[in-house]
Every structure is written in C-alpha cells, then in structure tokens.
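Notes follow once the structure below has been shown.
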Amino acid sequence: MTIDQLLDQAEGCHRAGRLDDAVALYQKALMTSPGHADAEYGLGTVLMQQNKGDEALGHLTSAVTQLPNVPEFQFNLALCLVKVGRIEDAKSALLRAAALAGNNIYFLIPICTKMVELGLAGQAYNCLDRTGDQSPKVRILKAKALGAAGNWRGAARALAELADESPDDPVVWFEHAKAAGFLRDYAAAVASFKTYMTKKEPSAEDFLSLADLLLTARQPEAARAELEKAVGGGVDRAEAHHLAAKCARLEGDKAGVRKFSDLAIERRPTFGHAWQLKFEVSAKDELAELAETCTRLVDADGATEWDRIMLDLTAGRAFEKLDRFDDAFLAFARGNSKHKALLAKRNFAYDKAATTAEHDKIIGHFPIGGNYAVAPRLEGQRPIFILGMPRSGTTLVEKILACLDGVEAGGENEALEFVAAQYYWDLAQGRAVCPTEVAAESLEAMASSYWQKTPHKLPVVTDKMPHNFRHVGLICQMFPDARVIYMRRDPRDVCLSIFSRLFPEAHRYAVDLEWLAHFYAENMRLKDHWKSVFPDQVLEVVYEDLVDDPVSHTQEIAKFCELEWHAGCLEFHKQQGTSFTFSELQVRKPLNKEGIGRWRSYEAQLAPLEKALEAYGVLS
C-alpha cells in the first residue's frame, strides 16, 4: 500500500477507537516513509491517548519540527507536554498554536480552553476577543477566562448579557450554568440550570445533575428532592447513590450513609469517595477489612486517579483507627504523592515563592499606621469572620457562636473571595486605588456586593472560610463593625490533619509536608500583621486553650463579638444544622480533646515537618 493508503486506514482505525490497530498502521507508514510528518503526528496522538506520554512526545516533536506552522500539531504537542509534566513548555506550545490558529474558532476553542486551565486566562481572552466572534460558545469561554483571571464582575456581566439575548436556547442556559459553576457563582448556576430544564423535556440525568449542583450550592433538601426524581426516572449509577449518601451524612443519618455508600460501591467497586463515606460509619471491627480492601483496589482496573488518591487516604484513616500508625502514614504518603503528581500534571503545583510574593504584596497594601477609610455601618446586619488554617477549629467556634442569640451560621462563604479577587483585579488594571486611598463609597459598594451573595435571616452572620485570612484588611475596611476571630492550633496537628484528607485544588500546599509548613508560616505571618494593623477587630484564639477552658474562652469570644454569652453555647452538638466541612462528624460530639496531640503517634514520620516548621520560625 502507498503511504496515503496506510494513513487513511490508520486514521479510520483511530476514529473507530481501534487504537492498537492504528498504532500498527502508523508504524508501518513510518517504515514506508521514515519521518513522514502526518504519520509521526498520528502515531504520537494515538500513543498519547494510550497514556504513553514519553513515547508519544518524540513523534509529536518530530511532526512539529517538520511542520511548525500547523496549529493542531502544536496543540497536541502541548497536550502531550502536559501529560509528561512539562507545563511551561506546554504553555509555549499553546501560545504558538493560538497564534497559528488566527481567527479559526474551530481550533481556538479547544486551545483557549486548555490555556485557561493552565493559567493563561488573560491570553486566552485576548485570542478569542480579537476574532470578533459572538457565538454563545465563544462568549461563554471568554466569561470563564475573565473569571479565571480575577475579573468576576466582568464574567458575570458577560453571562447575563448572553442569557438576555438568547432566552429560548437551552444550550445557552446549560453552558451558562456550567460557566457560573466554574466561577463558583452557585446561585446563578442553579437558576440557569433550572431555566435550561424549562426549555426542553428534562431527562433523569438532568435531575441528577441539578441535584449535584444543589448540594454543591449547599441546599441539601432541594438536592434530595431532585435526586428522587432522577432515581424515579431510572438513574441507578454509582454517582447517584453517592450523592444520596452525602445528603444522608449532612442529616446525621448513619444508616443512610452506609446504605447508599454500599449501593454506590456495588455499582463501581473502586469508587474512592464512596469508600471514604463508608469508613466514617463503619464499626471498629470492620476497619481492618475496609483498609485492606481499599489498599488492594488502588491498583484495580477501572480506578480513576481521584479514586486511587481517595482509596489510599481512606485506608490510612482506617489503619489509624486500628493504631497501625506506620501503615496509616504510608497510605497517607502514597495518596498525597499521587495527588501531588496530578497537580503537577495540571499545572496546579504549590509555588512557595509565588505565595510569599502574593502575601508580601498584600502586606504592602496595608501598612501599619495607614489611614484607612471605612464603609458606613449598616444597622441590622453584621458579619463575624472566623479564619486561619483549615482544621484549626473554625467549625467549632462557628457552632458555638451560632448558639448565641441573633447569630446565624453562614458556613464557608465564598462571597468575600469574589469581592477581593475583583478588587485586586481592578487594582492591577489601574481601575482601583490602593487600600489607604480607597473612598468610603467604594468600600460601601464592595460590602453591598458581599451581602448580595450572603443571604441570612438573623442580624449577625458568621463566615468561616479559613483562607479569608488573606483579606482581613479589606474586611476591616468594608465592615467597620465586623469581628475577626483568628484561629491558631498546634501546627503539627493542623498539618497532619490536612495531610490525611483530600482537600480541593485551592489548597495546593496540602499534599506535601514541607509545603504545609511553609503555608502555615505564611498564615502566621499575615496573622501577626493584621493584629498590628487592626488590633481592635482581630482576636486570636488558641484551639487548645479553648478546649482546655471552654467557659472563660467562649465568654471572651462572646464579649469580643458584642454578644450575650450563655452556657448553652457549650452544648452546640445538640443543635440541628449541617456543616459542609470535614468537621461535620466532630461537631456532632461534645467538646473534647480527641484531636489534640494526634501528631505524637507519627512523631518519627513527621520529623521533616517539625524541622521545616522550626526553620520557618513557627515551632520553638
């Protein structure tokens, strides 16, 4: 056969999913015509799909070397570079691909989508904007790029305009919902998805997707109602049962958690998140078998990367309950090693230098002794921010405060992050002034934006998003009557607790003990700065002291927050309500010392952590 015939056959096998046959034919083509660019490209692409990244890279590089001006060649080379962990080279290849694609939207959409994922959101927006294309798909991707670059307001405005122009197109509403979810504007995402369902005959899968979105938006009752519709419509997948198990967990229904976790595992035995929920409700005499099963399933066919990470971490927690601490730490280390590799592949690795530089910039914006304008005080609504490192006791303090009269638990609220990201975006673009120069009217508008995303019924609402410790300066300017409770806990217990759980990508430091030490030290550095700049609005609370003497310390907290203390706040575990954090099970128990000194069971394994904490000056 001629080279063209071989390539035609290879491409046909490739399209049909017969990858091994395609590889054989592309190899035969290269034997017929050594170095042929199209054959090199085709073979490299198939090998990449077979997860043979290193082998694929040579063929794709050869193709690009011969034909450097073909955008799809550059794009697939970029994808392969990501797969082998060469992120900076992948970014360069993406930028070349985008330049070569010009105004060709067919090529630009996948290229720019990947650019947004790899942190090139601004460049992606510019590439799309220069085309002048006003199709919904392009405008939605531009909104995602704006949000990823920090311009939340511009992203929301673009999405709203698109929905207004195409109110009867279900695809527009569906994409609008996805984009809003990407931007973590869950209220808009839910509203758009519900509208999408009115523009077509909703399927059972649509009800399942809505249930998942509602649970993400922290509406468990509404999520369960939609889930029942999905199940009634015939959905019987593992994901549906896992969603039911999560709802049961929030309701404190251990029997429901067990039932639905088992159903999810029956349908997909390697489902790591389902095993994690099952662990939480398992009796001690069941844990040995659970730990061994999770360990075995890590290498099973059908397990995803996330399954393998969660299976390792779940096995570790089960081993710990059995006092098998060596086995537990090995499992934690394996899971975090996998997670670290996955973050690197997706260009989400923690960057110590960038984090320090970001915090230097924040500290520079809020000098000690600066003249800070504040927004007008608002009658009838006042926030209390509880922040610090994750796993430092923020959930406990929120539960205690929510027992006091007039206080509503707001949970981990992302509203401040929206406001802060937009402010710093405007500041970088020259459209806002620095904090010492910002006017009270601008601060009032920022506060109003926060309240629009923070529904509440009682006069005082808590906000326990831990990473808000970066934004204490803005908090004190936006809300002059706000109170900030800054939690501190033994860094060894904090870092171990984080290391033994799967945290979302915003917590990139969580997968490496040295990174954890660095981030903890950065958290303490900002804490010391805020206490110097805004001493009257910031109270530092030490978790161990609170647990050791809860009466006097909760009285101090209540007085600081200008609330009336009563002994009932120490019985927070009897109150109804849900927590959407890892602390859900702990806060259903009375105040106790269970987690204090947990690190001592891993003293040898945590020696590198202790050394790093000492080097950073946060452990004497």
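Heavy-atom basis, side chains included; hydrogens, waters and symmetry copies ignored.
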Exercise. Are K340 and W515 in a cation-pi setup, meaning NZ or CZ lies under 6.0 angstrom from the ring centre and within 45 degrees of the ring axis?
Worked result: yes
Problem set entry | All side chain to side chain contact (heavy atoms under 4.5 Å, CB included) counterparts of R488, not counting sequence neighbours | Y520, M524, K527, E540, V542
For this session: Enumerate the residue pairs fulfilling salt bridge (Lys or Arg N to Asp or Glu O under 4.0 Å) with a member in residues 475-486, sequence neighbours excluded, ordered by first and then second residue.
Result: R483-E562
Exercise. Testing H507, R391, M389, E412 for side chain to side chain contact (heavy atoms under 4.5 Å, CB included) with P466, which one passes?
Worked result: E412
Exercise. Looking at F503, F469, Y616, which one forms a ring-ring contact (aromatic ring centres under 6.0 Å, His included) with F519?
Worked result: F469
Problem set entry | Salt-bridge contact R525-E522 (side-chain N to carboxylate O under 4.0 Å) | yes
Exercise. Under 4.0 Å between a Lys/Arg side-chain N and an Asp/Glu carboxylate O for R598 and D493?
Worked result: no
Problem set entry | Lys NZ or Arg CZ of K453 over F418 ring: under 6.0 Å, within 45° | yes
Donor-acceptor pairs are to be reported for all side-chain atoms of residues 433-448 against protein atoms at under 3.5 Å, with residues two or more places apart or in another chain.
none

For this session: Using the test side-chain hydrogen bond (donor to acceptor under 3.5 Å, both in side chains), find all partners of R382 that sit at least two apart in sequence or belong to another chain.
Result: none
Seminar exercise, completed: Sorted by chain and number, sequence neighbours left out, side chain to side chain contact (heavy atoms under 4.5 Å, CB included) with K361 holds for H365
Exercise. Given the rule in the ring-ring contact (aromatic ring centres under 6.0 Å, His included) test, do F534 and Y372 qualify, once you have shown the distances and angles that lead to the verdict?
Worked result: CA-CA 10 Å; F534 301 100; Y372 298 101; 5.3 Å; yes
Problem set entry | salt bridge (charged side-chain N to carboxylate O under 4.0 Å, His left out) between R470 and E417, intermediate numbers included | CA-CA 9 Å; R470 297 169 298 145; E417 184 62 37; 2.5 Å; yes
Exercise. Any Lys/Arg nitrogen of E88 or K91 sitting under 4.0 Å from an Asp/Glu carboxylate oxygen of the other?
Worked result: yes
For this session: May I ask you to check if R508 and Y350 form a cation-pi contact, with NZ or CZ under 6.0 angstrom from the six-membered ring centre and within 45° of the axis?
Result: no
Problem set entry | Residues which pass side chain to side chain contact (heavy atoms under 4.5 Å, CB included) with E398, listed by chain and number, not counting sequence neighbours | I386, A409, T462, K464
